[in-house]
Number of protein chains: 2
Amino acid sequence: MTVQPRPLTGRLDQSSMRRANLALILRHLQRAGSGTRSRIALETGLSKATLSNLVVELIDRHLVREDGPDRGGGVGRPGLTVSLDGRAVAGVGVEIDSEYAAVSAVDLQGTVIRETEAPVDVVALGPEATLDRVARLIGRTVLSLTEARVHVAGITVSAPGVIDYTTGTLRFAPNLGWRDIPLVERLTDRFSQPFPQIALENDAKLAAIAEYASGYQQQGVEDLVYLAGQAGIGAGIVANGQLVRGWSGFSGEVGHLPLDPTGRPCACGRTGCWEGLIGLRALLRRAADDSDPIHDPRRLLEDRLTELHERAVAGDARVLEAIHDVATDLSRGMSIVVDVLNPEVVVLGGYFAILGDLMLEPVRAGLATRRMDDGSAVRVEPSRLGMTSTSLGGAIAALEEVFRDPLLVPVQARG
Amino acid sequence: MTVQPRPLTGRLDQSSMRRANLALILRHLQRAGSGTRSRIALETGLSKATLSNLVVELIDRHLVREDGPDRGGGVGRPGLTVSLDGRAVAGVGVEIDSEYAAVSAVDLQGTVIRETEAPVDVVALGPEATLDRVARLIGRTVLSLTEARVHVAGITVSAPGVIDYTTGTLRFAPNLGWRDIPLVERLTDRFSQPFPQIALENDAKLAAIAEYASGYQQQGVEDLVYLAGQAGIGAGIVANGQLVRGWSGFSGEVGHLPLDPTGRPCACGRTGCWEGLIGLRALLRRAADDSDPIHDPRRLLEDRLTELHERAVAGDARVLEAIHDVATDLSRGMSIVVDVLNPEVVVLGGYFAILGDLMLEPVRAGLATRRMDDGSAVRVEPSRLGMTSTSLGGAIAALEEVFRDPLLVPVQARG
DNA sequence: GCCTTTTGTATTATTTTCTGCCGAATGTGA
DNA sequence: TCACATTCGGCAGAAAATAATACAAAAGGC
């Protein structure tokens with residue numbers, strides 16, 4: 001679940017040493033791309049002989065493959081290029097949202113190889129019926145992968161709420177109306193064994209993993225905050241290259257930061273909460289009258305946001321002002337998070353990303369007025385992963401297990 | 001510097017395997033106390049033979065010693081108890097504050113074996129003269145340890161400001177009036193080589209390490225925030241058992257969180273900053289008239305705070321109200337930090353600790369009114385380490401290097 | 001005094017990486 | 001065309017660490 005390997009806490013014996021070196025090669029290929037054996041040996045510090053030996057093991061498990069001779073020129077015998085093999089192993093991520101469920105499958109190279117989405121009215125259906133549908137989506141994807149002889153390394157399901165990691169229980173998800181649902185157990189029960197392991201994670205935290213792993217990690221960014229603009233506001237925190245979940249999984253619950261003591265009361269009991277200022281409802285309220293069709297809950301959220309964007313581009317003064325004001329209030333809360341954590345990058349997700357081109361400038365301007373020192377100048381970037389970042393993060397998190405211990409993948413993954 | 005070992009990123013060979021297992025034994029003894037070889041073997045998972053072999057190496061370096069037969073009873077041959085040897089290796093921590101400098105030395109067992117403090121008027125003296133005095137304090141402690149045949153594993157110097165870790169430079173320390181001082185270099189230059197390695201760290205971060213390592217770590221607490229009440233307000237963050245420094249060392253710069261939009265302007269340019277509400281000056285301003293001798297800057301800070309405490313206990317209404325109000329404002333900002341990070345414990349240091357018995361109850365009450373769910377109920381505890389927590393943390397941080405790689409300690413540490 | 005139990009270490013085996021070496025494949029230049 | 005230099009990948013043996021086994025030593029119980 002953590003993106004960087006946790007420290008090896010237990011004893012080290014020869015087999016775990018070999019495991020760690022196998023993982024090192026895999027991770028190196030992920031970061032640096034393909035290379036010949038001798039180059040990889042040089043770059044990892046392993047001897048050529050050892051590296052050759054380990055590569056054989058990785059090829060046996062179809063985690064790595066030989067691409068053919070390296071036509072890079074230069075004098076001497078050209079080496080055979082080896083690279084991550086994306087054909088045999090995949091991770092699966094599943095997002096459960098109040099309006100839809102989405103499934104993504106990602107291979108070792110980070111390529112999305114399956115993507116499904118289905119509208120699900122979670123609140124109306126309730127947990128059991130929802131999980132029936134989700135299980136059907138998962139089952140179809142896993143079956144399709146299995147038939148294509150792809151080994152599923154694991155499945156990570158996301159929910160917009162607080163999670164008990166010891167039991168795989170969704171403790172509280174206000175937007176779904178769920179409380180204390182043992183999601184992992186209920187989903188696992190719906191499949192015949194053996195079935196890939198299912199894990200549960202928070203949506204914003206998975207999105208943070210996705211952003212970190214697909215891009216920023218390569219840039220050397222180790223401290224990142226993902227801010228999701230949805231009905232509520234959620235944050236996912238990566239510090240020291242590790243996901244920060246907090247003591248009881250509550251980290252990043254920033255929706256109820258008190259930003260406006262004179263503001264309107266919030267359902268949580270406080271007043272002037274951040275998500276009351278910049279949550280989805282607040283944005284729509286600011287942007288249009290109650291009678292406006294943009295408030296129609298039966299329309300797809302993405303369509304309504306696209307329409308809002310079009311209105312802004314067309315010059316609708318009220319919408320422009322709403323977006324500007326929301327962006328300013330976003331920057332106010334963001335400066336708090338930045339003061340506490342000092343991330344290198346803040347990634348804007350959810351509806352912030354859809355309206356990104358319009359919000360970015362006022363957000364950066366708002367941050368600039370509140371900055372005390374140039375050393376802490378944070379980068380603010382819109383998410384480039386779009387709405388799939390959460391399920392993508394789930395798939396990546398599942399694959400992390402393979403990058404930590406390549407021996408988890410059986411030898412006969414492909415016929 | 002990190003309290004838990006960073007993940008081993010490089011290749012693993014036999015020697016690093018041995019190193020890791022030596023470290024494992026040391027860490028186990030630190031956590032679980034002494035034990036016989038066979039019990040340690042059982043608990044660490046190492047085989048008896050390997051463990052015996054490794055213990056010999058640790059004894060050679062005087063990191064571990066045989067205590068004598070285990071008179072624990074039971075049938076069978078009694079084992080020889082081995083435990084951490086506190087006599088041969090120590091870490092040194094140095095705190096530079098605006099009013100004083102303090103040096104602590106801690107041995108492997110966590111016992112404080114040297115402690116010095118000297119008043120230093122840093123602002124008046126300026127960097128060079130201050131560093132002369134600090135170097136003299138360090139030199140005396142190191143000499144004393146060397147003469148006692150104690151190997152100094154490292155020295156960590158703290159300063160109340162933002163640090164550039166790549167160069168060991170103090171970038172900005174408002175309370176010292178210093179900016180861009182290459183502290184590590186300037187201190188190292190004052191000693192003849194060879195001299196133990198000097199590192200630089202922020203004061204609140206080191207205090208957080210001290211709190212974490214001496215107590216909470218044993219309790220299994222992996223997520224902790226240290227809040228220091230001084231002229232400013234600083235936080236030290238431990239998440240996943242690791243110190244969070246942020247991208248550029250700015251993490252925990254919470255003094256200027258905007259808590260009171262209608263409040264008084266702050267030197268930083270914002271208005272209503274947290275430290276304007278609960279910083280030392282704010283406390284004193286609330287507690288007594290300007291003419292009151294408690295404001296006299298020539299008196300030792302600790303004395304003034306003790307007097308304040310006595311007045312409160314004696315029933316001084318204004319002081320009591322000031323403390324109560326400060327505690328309430330403390331809880332307001334604390335709830336923000338808690339929402340973002342979800343720590344298990346918040347440790348109150350600096351003057352918060354001195355007034356702890358009076359502040360704790362209103363702080364907890366203030367938090368309770370703002371809590372949204374029982375799952376995130378954070379523990380608030382006063383620091384039990386007192387004013388030395390920072391230099392203590394420095395010593396512990398220096399010792400961490402030994403716990404990560406015991407082979408750093410030379411074999412002939414003791415004649 | 002003998003037996004049982006447990007400890008710590010010596011010995012041997014196994015596993016892994018490292019070093020040195022060699023054949024193979026390619027480019028270079030006569 | 002051919003010899004030569006260069007680099008690649010793999011093989012054999014060395015080195016080093018842990019694991020398994022065996023065994024002497026030190027207690028307590030009968």
Side-chain angles (χ1 to χ4, degrees), chain A residues 8-25 28-29 34-60 64-83 405-407, chain B residues 8-25 28-29 34-60 64-83 405-407:
Chain A
L8 299 174
T9 171
R11 99 198 130 95
L12 235 55
D13 57 7
Q14 283 103 334
S15 66
S16 55
M17 174 168 74
R18 189 176 172 87
R19 228 193 309 272
N21 283 333
L22 287 167
L24 174 68
I25 297 170
H28 179 82
L29 285 174
S34 60
T36 66
R37 286 175 173 82
S38 77
R39 223 186 69 189
I40 298 170
L42 198 72
E43 288 165 352
T44 56
L46 291 161
S47 72
K48 284 195 303 173
T50 302
L51 191 116
S52 274
N53 188 325
L54 294 174
V55 164
V56 168
E57 173 111 44
L58 293 173
I59 288 177
D60 282 348
V64 146
R65 68 176 170 194
E66 256 177 14
D67 283 333
D70 171 38
R71 296 247 149 264
V75 76
R77 171 180 167 183
L80 293 169
T81 306
V82 295
S83 61
D405 181 5
L407 299 182
Chain B
L8 300 175
T9 171
R11 101 198 126 98
L12 235 55
D13 57 8
Q14 283 103 331
S15 67
S16 55
M17 174 168 74
R18 187 175 175 86
R19 227 193 308 271
N21 283 333
L22 287 167
L24 173 68
I25 296 171
H28 179 82
L29 285 173
S34 61
T36 66
R37 286 176 175 80
S38 76
R39 224 186 68 189
I40 298 170
L42 198 71
E43 289 166 350
T44 56
L46 292 160
S47 72
K48 284 197 303 176
T50 303
L51 191 116
S52 271
N53 189 325
L54 294 174
V55 165
V56 167
E57 172 111 45
L58 292 174
I59 288 177
D60 283 347
V64 147
R65 67 174 169 194
E66 258 177 12
D67 283 334
D70 171 37
R71 296 247 151 262
V75 77
R77 168 180 168 183
L80 293 168
T81 306
V82 296
S83 60
D405 182 4
L407 299 183

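Each chain gets a letter, A, B and so on, in the order the sequences are listed, and its residues count up from 1. Side chains are part of it too, since the values below use all heavy atoms of this structure and drop only hydrogens, waters and symmetry mates.
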Look for any protein N or O under 3.5 Å of an N or O in nucleotides 5-11 of chain D and output each such pair with its distance, or none.
{"residue": "D/dT7", "atom": "O2", "partner": "A/R77", "partner atom": "N", "Å": "3.1"}
{"residue": "D/dC8", "atom": "OP1", "partner": "A/S38", "partner atom": "OG", "Å": "3.0"}
{"residue": "D/dC8", "atom": "OP2", "partner": "A/S38", "partner atom": "OG", "Å": "3.3"}
{"residue": "D/dC8", "atom": "O5'", "partner": "A/S38", "partner atom": "OG", "Å": "3.3"}
{"residue": "D/dC8", "atom": "O4'", "partner": "A/R77", "partner atom": "O", "Å": "3.2"}
{"residue": "D/dC8", "atom": "O2", "partner": "A/R77", "partner atom": "NH1", "Å": "2.6"}
{"residue": "D/dG9", "atom": "OP1", "partner": "A/L80", "partner atom": "N", "Å": "2.5"}
{"residue": "D/dG9", "atom": "OP1", "partner": "A/L80", "partner atom": "O", "Å": "3.3"}
{"residue": "D/dG9", "atom": "OP2", "partner": "A/R37", "partner atom": "N", "Å": "3.3"}
{"residue": "D/dG9", "atom": "OP2", "partner": "A/S38", "partner atom": "N", "Å": "2.9"}
{"residue": "D/dG9", "atom": "N7", "partner": "A/K48", "partner atom": "NZ", "Å": "3.1"}
{"residue": "D/dG9", "atom": "O6", "partner": "A/K48", "partner atom": "NZ", "Å": "3.4"}
{"residue": "D/dG10", "atom": "OP2", "partner": "A/R37", "partner atom": "NE", "Å": "3.2"}
{"residue": "D/dG10", "atom": "OP2", "partner": "A/S52", "partner atom": "OG", "Å": "2.6"}

Is there side-chain contact between B/L46 and B/I25, with heavy atoms separated by less than 4.5 Å?
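With C-beta onward as the side chain, the pair touches.
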
For [X] and [Y], which heavy atoms make the closest approach, and how far apart are they?
X	Y	value
A/S34	A/S83	CB-CB, 3.3 Å
B/E66	B/L80	OE2-CD1, 3.6 Å
B/K48	B/S38	CD-CB, 4.0 Å

For [X] and [N], what is the distance between atoms [atom1] and [atom2] respectively, to the nearest whole Å?
X	N	atom1	atom2	value
A/L46	C/dT19	CG	P	11 Å
B/L54	C/dG8	CG	C1'	14 Å
B/L42	D/dA20	CG	P	13 Å
A/M17	D/dT18	CE	C1'	9 Å
A/L51	C/dT17	CG	C1'	12 Å
B/D67	C/dG8	CG	C1'	16 Å

Got a salt bridge between B/E57 and B/R19, using NZ or NE/NH1/NH2 to carboxylate O under 4.0 Å?
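No, this pair does not count.
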
Exactly one of A/L51, A/V64, A/D67 clears side chain to side chain contact (heavy atoms under 4.5 Å, CB included) with A/V82, and that residue is A/V64

For B/N53, enumerate each residue passing the side-chain contact (heavy atoms from CB on, under 4.5 Å) test, keeping only those at least two apart in sequence or located in another chain.
B/R18

Judged by atom type as modelled, is there a donor-acceptor pair below 3.5 Å linking the side chain of B/S16 to the main-chain atoms of B/L12?
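Answer holds: no.
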
Check nucleotides 14-16 of chain D against the protein and report each pair of N or O atoms closer than 3.5 Å, with its distance, or say if there are none.
{"residue": "D/dA16", "atom": "N3", "partner": "B/Q14", "partner atom": "NE2", "Å": "3.4"}

